[in-house]
Amino acid sequence: MKNCVIFVERFFEHGFCGKSPCLRVAPTVSANAHTDMEQQSLEEIVKFLKDNIEPYPDSLYGQGYRASVILTDGTLIPCVMFRKTSTIVELAIRRFKEEQGFNSFFSKSSRQDYAEIVKSFVTSRNCINYFDIAKVDKSKNAFPLNILTKIEGETTMSWTGFVLKMKDGQCFGFGTQYLNEFFRMPDNYTIDDITEVINHSFISKTGQVCSHEVPFFEWPTDYDNDIVYRERPYFNCFIDDL
């Protein structure tokens with residue numbers, strides 16, 4: 001598909017649990033996207049991230065940089081987390097040593113159980129290689145930290161609901177089960193349009209901003225999960241010198 005960008009979006013249907021993730025591939029024409037574009041070097045990728053992307057703090061996996069990328073075949077990946085390789089490697093080594101220790105749970109269990117922790121590091125992440133990237137850009141789905149830090153804790157178990165108010169006064173309901181690195185955005189709005197976070201709230205079926213009980217145990221009768229903008233799954237890209 002020459003002069004096309006392929007948007008690969010693995011996304012969760014709107015709603016709270018119970019709906020399976022699926023894969024959608026949608027071709028979208030882009031005047032500047034083609035498979036023979038000049039490829040950024042690793043040094044150029046790192047420089048762009050450090051010069052243009054706000055660092056995302058993470059005490060477990062280490063500081064990251066949220067971006068979008070175009071692969072060498074023209075595929076657009078809108079949500080990518082770049083992280084330093086050594087942090088995740090050191091974490092894996094530490095966990096393996098802990099689980100092999102004398103007091104480890106797995107020392108009294110089967111080899112198959114120990115394999116589960118190895119599997120979690122080796123197979124549980126969506127990953128792309130830096131050498132498959134042609135171009136890095138800012139992600140349209142990454143809320144800045146000054147917005148993320150205003151979102152309070154869980155509204156109820158495994159659910160955080162909130163409303164974002166835009167510059168033009170329009171309000172949109174958002175929600176996440178646990179991820180907050182990337183979110184879907186309403187059409188014709190960008191993250192720069194966000195002016196206010198209204199915590200523990202939702203947009204009713206009649207379009208009103210309503211407050212959740214904290215915690216709640218049943219969904220409000222006027223809750224419309226079809227108009228909730230959810231968290232987005234993302235890919236990881238690990239770089240040694242980031």
Side-chain angles (χ1 to χ4, degrees), residues 9-17 48-68 77-84 87 136-220 222-236 242:
E9 299 179 345
R10 182 179 181 274
F11 67 96
F12 287 87
E13 296 287 350
H14 302 309
F16 180 63
C17 301
F48 179 88
L49 293 173
K50 292 187 174 181
D51 290 350
N52 297 278
I53 305 298
E54 180 182 40
Y56 179 88
D58 190 315
S59 60
L60 181 61
Y61 297 112
Q63 177 175 279
Y65 296 87
R66 297 168 295 162
S68 68
I77 309 293
C79 303
V80 179
M81 177 69 80
F82 287 84
R83 285 195 172 100
K84 189 177 180 66
T87 306
V136 178
D137 205 346
K138 293 182 177 180
S139 174
K140 298 178 180 179
N141 302 99
F143 290 174
L145 292 183
N146 67 345
I147 296 297
L148 287 178
T149 54
K150 293 177 182 176
I151 300 172
E152 298 177 356
E154 288 185 328
T155 304
T156 195
M157 184 177 292
S158 301
W159 181 253
T160 300
F162 57 97
V163 166
L164 295 182
K165 187 174 183 179
M166 305 298 177
K167 290 178 180 178
D168 62 3
Q170 290 294 314
C171 293
F172 298 91
F174 287 76
T176 176
Q177 288 183 262
Y178 58 93
L179 297 177
N180 67 5
E181 290 85 348
F182 299 92
F183 284 88
R184 290 182 61 242
M185 282 293 293
D187 292 340
N188 303 317
Y189 289 90
T190 71
I191 56 177
D192 294 328
D193 292 319
I194 301 170
T195 61
E196 183 181 355
V197 176
I198 306 172
N199 283 293
H200 307 309
S201 56
F202 65 97
I203 301 296
S204 70
K205 292 179 179 179
T206 59
Q208 303 299 309
V209 177
C210 300
S211 296
H212 277 297
E213 292 184 15
V214 183
F216 65 87
F217 302 100
E218 292 185 1
W219 290 97
D222 56 348
Y223 188 86
D224 187 352
N225 60 21
D226 288 334
I227 57 174
V228 177
Y229 291 87
R230 293 290 304 271
E231 74 275 27
R232 296 193 63 163
Y234 60 89
F235 287 81
N236 288 283
L242 187 59

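Please read all numbers here as calculations on a predicted model, not as lab measurements. Atoms considered below: every heavy atom in the structure, side chains included; atoms not considered: hydrogens, waters and symmetry mates.
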Peer 1: How many angstroms lie between CD1 in Ile203 and CG in Asp226, if you round to the nearest 0.5 Å?
Peer 2: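 Going from CD1 on Ile203 over to CG on Asp226, the span is 14.0 Å.
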Peer 1: Taking atom types as modelled, is there a side-chain donor on Tyr189 or Asp168 under 3.5 Å from an acceptor on the other?
Peer 2: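 Yes.
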Peer 1: Can any side-chain N or O of Arg66 pair as donor or acceptor with the backbone N or O of Glu181 at less than 3.5 Å?
Peer 2: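 Side chain of Arg66 to backbone of Glu181, a donor-acceptor pair under 3.5 Å: yes, one is there.
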Peer 1: Asn52 and Lys138: which non-hydrogen atoms are nearest, and at how many Å?
Peer 2: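 Closest approach of Asn52 to Lys138: O-CE, 3.4 Å.
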Peer 1: Side chains of Phe48 and Asp137: closer than 4.5 Å at any heavy-atom pair?
Peer 2: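 Of all side-chain heavy-atom pairs linking Asp137 with Phe48, at least one is under 4.5 Å.
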Peer 1: Between Gly153 and His200, which heavy-atom pair has the shortest distance, and what is it?
Peer 2: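 That would be O-CE1, 3.0 Å.
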Peer 1: To check you understand the geometry: which heavy-atom pair defines the closest contact between Thr156 and Phe216, and what is its length?
Peer 2: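 Smallest interatomic distance, heavy atoms only, reads OG1-O, 2.7 Å.
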Peer 1: Treating Asn180 as the side-chain partner and Glu231 as the backbone partner, does any N or O pair qualify as donor plus acceptor under 3.5 Å?
Peer 2: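 Between the backbone of Glu231 and the side chain of Asn180 there is no qualifying donor-acceptor contact (under 3.5 Å).
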Peer 1: Would you find more than 12 non-hydrogen atoms of other residues, nucleotides or ligands less than 6.0 Å from Lys84 atom NZ?
Peer 2: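 Atom NZ in Lys84 is crowded, with more than 12 foreign heavy atoms closer than 6.0 Å.
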Peer 1: Please tell me if the side chains of Thr160 and Ile151 come closer than 4.5 Å, counting only heavy atoms from C-beta onward.
Peer 2: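 Yes. Closest side-chain heavy atoms under 4.5 Å.
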Peer 1: Return the CG to CZ distance between Leu242 and Arg83, rounded to the nearest 0.5 Å.
Peer 2: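 Spacing of CG (Leu242) from CZ (Arg83) equals 10.5 Å.
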Peer 1: How long is the span from the CZ atom in Arg232 to the SG atom in Cys79, to the nearest 0.5 Å?
Peer 2: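 Reported value, rounded in 0.5 Å steps: 4.5 Å.
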Peer 1: Are the side chains of Phe82 and Lys50 in touch, meaning some heavy atoms are under 4.5 Å apart?
Peer 2: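 No, their side chains stay 4.5 Å or more apart.
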Peer 1: Is Asn188 atom CG crowded by more than 12 heavy atoms from other residues, nucleotides or ligands, each under 6.0 Å away?
Peer 2: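 No, because the 6.0 Å sphere around CG of Asn188 holds 12 heavy atoms or fewer from other groups.
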Peer 1: Are Glu54 and Pro144 packed together at the side-chain level, in the sense that at least one heavy-atom pair is separated by less than 4.5 angstrom?
Peer 2: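 Yes. Closest side-chain heavy atoms under 4.5 Å.
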Peer 1: Got Ile194 and Met166 here, is their nearest side-chain heavy-atom distance under 4.5 Å?
Peer 2: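 Yes, side chains in contact.
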Peer 1: Please round to the nearest 0.5 Å and tell me the distance separating atom CD1 of Ile53 and atom OG of Ser68.
Peer 2: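 Going from the CD1 atom of Ile53 to the OG atom of Ser68 covers 8.0 Å.
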Peer 1: Can you name the nearest heavy-atom pair linking Asp192 to Lys167, along with the distance?
Peer 2: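 Closest pair (atom of Asp192, atom of Lys167, distance): O-CE, 3.0 Å.
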Peer 1: Can you name the closest pair of heavy atoms from Val228 and Tyr223 and give their distance?
Peer 2: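 Reported closest heavy-atom pair: CG2-OH, 3.3 Å.
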Peer 1: Nearest 0.5 Å please: distance from the OG1 atom of Thr155 over to the CZ atom of Phe162.
Peer 2: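 Going from the OG1 atom of Thr155 to the CZ atom of Phe162 covers 9.0 Å.
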Peer 1: Give me the atom names and distance for the closest heavy-atom approach of Ser204 to Cys210.
Peer 2: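 Shortest heavy-atom contact: CB-SG, 3.8 Å.
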Peer 1: First locate atom CZ of Phe172, then atom CD1 of Ile198, and finally report the distance between them rounded to the nearest 0.5 Å.
Peer 2: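 Going from CZ on Phe172 over to CD1 on Ile198, the span is 12.0 Å.
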Peer 1: Establish, from distance only, whether the side-chain atoms of Tyr229 and Asn141 form a donor-acceptor pair under 3.5 Å.
Peer 2: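 Distance-only check fails for Tyr229 and Asn141.
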Peer 1: Taking the side chain as every heavy atom from C-beta outward, state whether Asp193 and Pro186 have any pair of such atoms under 4.5 Å apart.
Peer 2: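 A side-chain contact under 4.5 Å is absent here.
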Peer 1: Can you find a heavy atom in the side chain of Tyr56 that is under 4.5 Å from one in the side chain of Met81?
Peer 2: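 Tyr56 vs Met81: side chains touch.
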Peer 1: Should His212 and Phe202 be marked as a ring-ring contact (aromatic ring centres under 6.0 Å, His included) after you check the CA-CA gap, both sets of side-chain angles, and the distance that decides it?
Peer 2: CA-CA 7 Å; His212 277 297; Phe202 65 97; 4.7 Å; yes
Peer 1: Hey, what's the ring geometry for Phe183 with Phe143, parallel, tilted or perpendicular (30° and 60° as the breaks)?
Peer 2: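 Phe183 vs Phe143 ring planes: parallel.
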Peer 1: Can you see whether Tyr61 engages Gln63 through a side-chain donor-acceptor pair at a distance of less than 3.5 angstrom?
Peer 2: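 Side-chain D/A pair, Tyr61 to Gln63: absent.
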